Structure formats: C-alpha cells, structure tokens
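Following this message is one structure expressed as structure tokens.
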There are 2 protein chains.
Amino acid sequence: MNLSPEHKALLDNALIDSGLRSTRQREQVYGVIMSKQDHPTADEIYARAKASMPTISLATVYNCLETLVDCGLVRQVNFDREPSRYCPNLKEHAHFYCKETGEVFDIDLSGQAIHELRRQLPEGFEMESFELSYHGKTHSN
Amino acid sequence: MNLSPEHKALLDNALIDSGLRSTRQREQVYGVIMSKQDHPTADEIYARAKASMPTISLATVYNCLETLVDCGLVRQVNFDREPSRYCPNLKEHAHFYCKETGEVFDIDLSGQAIHELRRQLPEGFEMESFELSYHGKTHSN
DNA sequence: TTGATATTTTGGAATGATTCTAAATATTAC
DNA sequence: GTAATATTTAGAATCATTCCAAAATATCAA
Ligand SMILES: [Mn+2]
Ligand SMILES: [Mn+2]
Ligand SMILES: [Zn+2]
Ligand SMILES: [Zn+2]
C-alpha cells in the first residue's frame, strides 16, 4: 500500500539491470522498507508486509531482501550476532546502536571523516566498502 | 604449552578482579589466542587448544571466550553473520576483511582518525565503543 | 491468446553457530 | 579434610537463516 512512482521505477530498473523480474512481493518488501526511516529485521519486515499482503511467506521476505541488497537498493546492517537489519539509506553513513533501548540511528559522516577513514589503509589494501558502528547510550531529552 | 608469565599475571589479575577462578582451561584458551597474531574462530581455537589439552570441550571454549571478552582480555570481532572471531590486539584498531581469501588484518588507526570518528556523533549520543571494518581485496605482493 | 520456458514463491525441513542444561569435576573456604 | 561454590562437560535446544522441491507466476514466441 505504498511505494512512490519514483521508487517503483528505481526498483524496476534495478531488477531489469540484474536480469530479474518485477513481482508483487518484491515491490511489497521494497515498499515496506522505503516507507519508514528505520532499521527493521526480517521478522519485522515480514510482519509489516503481511499487513497488506497476508499470503507472503517469510522465505519470500528473505529472498526479496537478498535480491534488494544484491541490487544495491537496500543496505544490510549487522550488530554483533543479532538478526540482520535492513536500511533504506543509501548514503554512505554509520550506525549508532543504543544498548539501552536497542534503537539504531543513522549517523551522517562528513567528507573529511570518510577521507580520513580511507587514509588509514596501508598500501596493498583495496577497500570496496566499510562499516562503522558506534555502541553506547543516547541521552533521551 | 605457552602463555608468558606476563600474560599469566594479566589473566589471573583480570579473573580475580571479576571474582572468577583461574583454571587450566581459561589459561589454555587465553594462551592459544595470545600465541598467534591472528583472528581465529571458536572452532579454530578449539582445535588449537585440543592439540595440547585433548579433553577440553567446545562448550568450555565458548565459556572461556565469553569470560575473556567480558574481562576485556580479548576482543570479539564479527563480520556480517559469519562465526565470531577473536582478536588478541587490545589497541583501538580496525579490521580489513579480504573477500578473496577470508583473511583478516589489523588496521592501525591514527589519533586523528579516531578523533574524527568521535566528532561525527551529534549531541546526545554517548559512545562507549566503535567498530570499524573494511571489506575489499589485498594486493598480494 | 496460447502454450512453452524460465523465474519466483511457498511451506516445511535442514543447517550451523551459539547457548542452555544438568550432572560430573575442580577449586576455595573453613 | 569437608562443605560450599564455581567450572567443565556432553549433549540437547535455540533460532536466524538457508535449502528444497512442488506450486504459482511471469515472460516470450508463435
Ligand atoms: Mn546476501
Ligand atoms: Mn558475549
Ligand atoms: Zn542506516
Ligand atoms: Zn584485530
């Protein structure tokens, strides 16, 4: 019950580029992730997706998530060994995990910070991606 | 079959400080981790430990690892959802994961880089730790 | 359209790292 | 020593995720 025309087009193009088909389930899962700016687990995405598509299966949610991640439309985010979370924010950014509430926050990174991160790699290390996560508590105020 | 007197003292003090007992198995697991500068999984640590202590169990390895991590003597390192790895390097550092070989490398971080990382956090986020991991390939030469 | 073909979805079984359990051992305190 | 406490151990349980094979669906050519 969502997915803007822009996102629909993004999805279809990405799928076509990968030689994959556009399906109701893929739209639904992508829509669920895009419609809320948070970091849900597969289970949470399954629950939200079922609300307007009661027949979708958990296996399909996992399949769609893998597809979306592989197409670069969604980011997979892991904290320690907890269940994976999925992030709609494609900008290069970090995550803050609050150990009190379990909430996850996006943290923007300055160009300078990203540059500095790259600079740490010695000769011979070809970085393709990095993951930066902060753990701590948030002052609720 | 290892563990320098310095490490033995470190271990005993840390255990005492936590109200825990010094045992052969804890020494063995700590010795295994300290005796090689790499990032073994629990299974690998189990295999190495068994070489000189054939009766040690995998459950005990897991128990010892948790104890050592909680005492701050060893770092637990995770890449995506792969089995946890354990790191003897207590300095604040990052990890480079080579997607070709699966090897893990320690990456030193400059004070400037660490400062820059801290600087990214907005008001209200109290960082207790951070994890930075790079993914890519290494030029073998 | 129609049917052939390739892809996707689905429910349920399998996987595998880790954790749990409860009995056997080891360590510490008295 | 003996009792009290902590630790180890083997095996069972957990649980997120992956695998499987059958049913449903999408695509394409005629
Ligand atoms: Mn994947
Ligand atoms: Mn732990
Ligand atoms: Zn995010
Ligand atoms: Zn390390």
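No experiment lies behind these values; they were computed from the predicted model shown. Per chain, numbering begins at 1; letters A, B, ... match sequence-line order.
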So which one's nearest nucleotide on DNA chain C is more toward 5', A:Arg26 or B:Asp43?
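Closer to the 5' end of DNA chain C: A:Arg26.
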Given atom CG of B:Leu68 and atom C1' of D:dT8, what is their separation to the nearest angstrom?
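Between C1' of D:dT8 and CG of B:Leu68: 15 Å.
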If you assign each of B:Val61 and B:Arg81 to its closest nucleotide in DNA chain D, which residue comes earlier from the 5' end?
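Here B:Val61 is the residue nearer the 5' end.
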Among D:dT9, D:dT17, C:dT10, the nucleotide that comes nearest once only the side chain of B:Gln25 is considered
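So the side chain of B:Gln25 is nearest to D:dT9.
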Value in whole Å for how far the P atom of D:dA16 lies from CG of A:Leu58:
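Atom-to-atom, A:Leu58 to D:dA16, this comes out as 10 Å.
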In whole angstroms, how far is the C1' atom of D:dA10 from the NZ atom of B:Lys50?
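Roughly 13 Å, once rounded to whole Å.
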Could you tell me whether A:His39 and A:Tyr86 have their ring centroids closer than 6.0 angstrom?
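No, ring centres 6.0 Å or more apart.
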What nucleic acid atoms does A:Thr55 come within less than 4.0 Å of, heavy atoms only: base, sugar-phosphate, or nothing?
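The answer is sugar-phosphate, as A:Thr55 gets under 4.0 Å only of primed atoms, P, OP1 or OP2.
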Take atom CG of A:Asp80 and atom C1' of C:dT19, then tell me their distance rounded to the nearest Å.
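For the pair A:Asp80 CG and C:dT19 C1', the rounded distance is 16 Å.
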Atom-to-atom span, OH of B:Tyr62 to P of D:dG11 - whole angstrom:
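Atom-to-atom, B:Tyr62 to D:dG11, this comes out as 17 Å.
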Looking at D:dT7, C:dA17, C:dT10, which one has an atom nearest to any side-chain atom of B:Pro83?
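Within the option list, the nearest is C:dA17.
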How far apart are the C-alpha atoms of A:Ser57 and A:Gln25, what are their side-chain angles, what is the distance that settles it, and do they pass the side-chain contact (heavy atoms from CB on, under 4.5 Å) test?
CA-CA 9 Å; A:Ser57 76; A:Gln25 288 85 349; over 6 Å; no
If you take the centroid of each ring, where Trp contributes its six-membered ring, are A:Tyr134 and B:Phe125 closer together than 6.0 Å?
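That pair fails the under 6.0 Å test.
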Identify whether the distance between the nearest side-chain nitrogen and carboxylate oxygen of B:Asp38 and B:Arg48 falls below 4.0 Å.
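So B:Asp38 pairs with B:Arg48 through a salt bridge.
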Which of these passes side chain to side chain contact (heavy atoms under 4.5 Å, CB included) with A:Tyr46: A:Val29, A:Val32, A:Leu58, A:Thr60?
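By the side chain to side chain contact (heavy atoms under 4.5 Å, CB included) criterion, A:Tyr46 pairs with just one of A:Val29, A:Val32, A:Leu58, A:Thr60: A:Leu58.
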Using whole Å, what does the distance between atom P of nucleotide C:dT28 and atom CG of B:Leu15 come to?
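Result: 11 Å.
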Can you tell me which nucleotide in C:dT18, D:dT9, C:dT8 comes closest to the side chain of B:Ser84?
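When the side chain of B:Ser84 is considered, C:dT18 is the closest of C:dT18, D:dT9, C:dT8.
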Is the distance from OP1 or OP2 of D:dT9 to the nearest side-chain N or O of B:Thr60 less than 4.0 Å?
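Yes, B:Thr60 has a side-chain N/O under 4.0 Å of OP1/OP2 on D:dT9.
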If I take atom CG in residue B:Asp70 and atom P in nucleotide C:dT19, what distance separates them, rounded to the nearest angstrom?
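In whole Å, C:dT19 P and B:Asp70 CG are 11 Å from each other.
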Just so I know, are the side chains of A:Lys137 and B:Met127 near enough to count as touching, which here means a heavy-atom distance under 4.5 Å?
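A side-chain contact under 4.5 Å is absent here.
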Rounded to the nearest Å, what distance is computed from the CG atom of residue B:Leu65 to the C1' atom of nucleotide D:dT8?
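Nearest whole value for this atom pair: 14 Å.
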Any protein N or O atoms within reach of nucleotides 22-30 of chain D? Criterion: under 3.5 Å, listing atom names and distances.
{"from": "D:dA26", "atom 1": "N3", "to": "A:Arg21", "atom 2": "NH1", "distance (Å)": "3.3"}

Nearest-0.5 Å distance that lies between atom OH in A:Tyr97 and atom CZ in A:Arg85:
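One gets 6.0 Å once the value is rounded to the nearest 0.5 Å.
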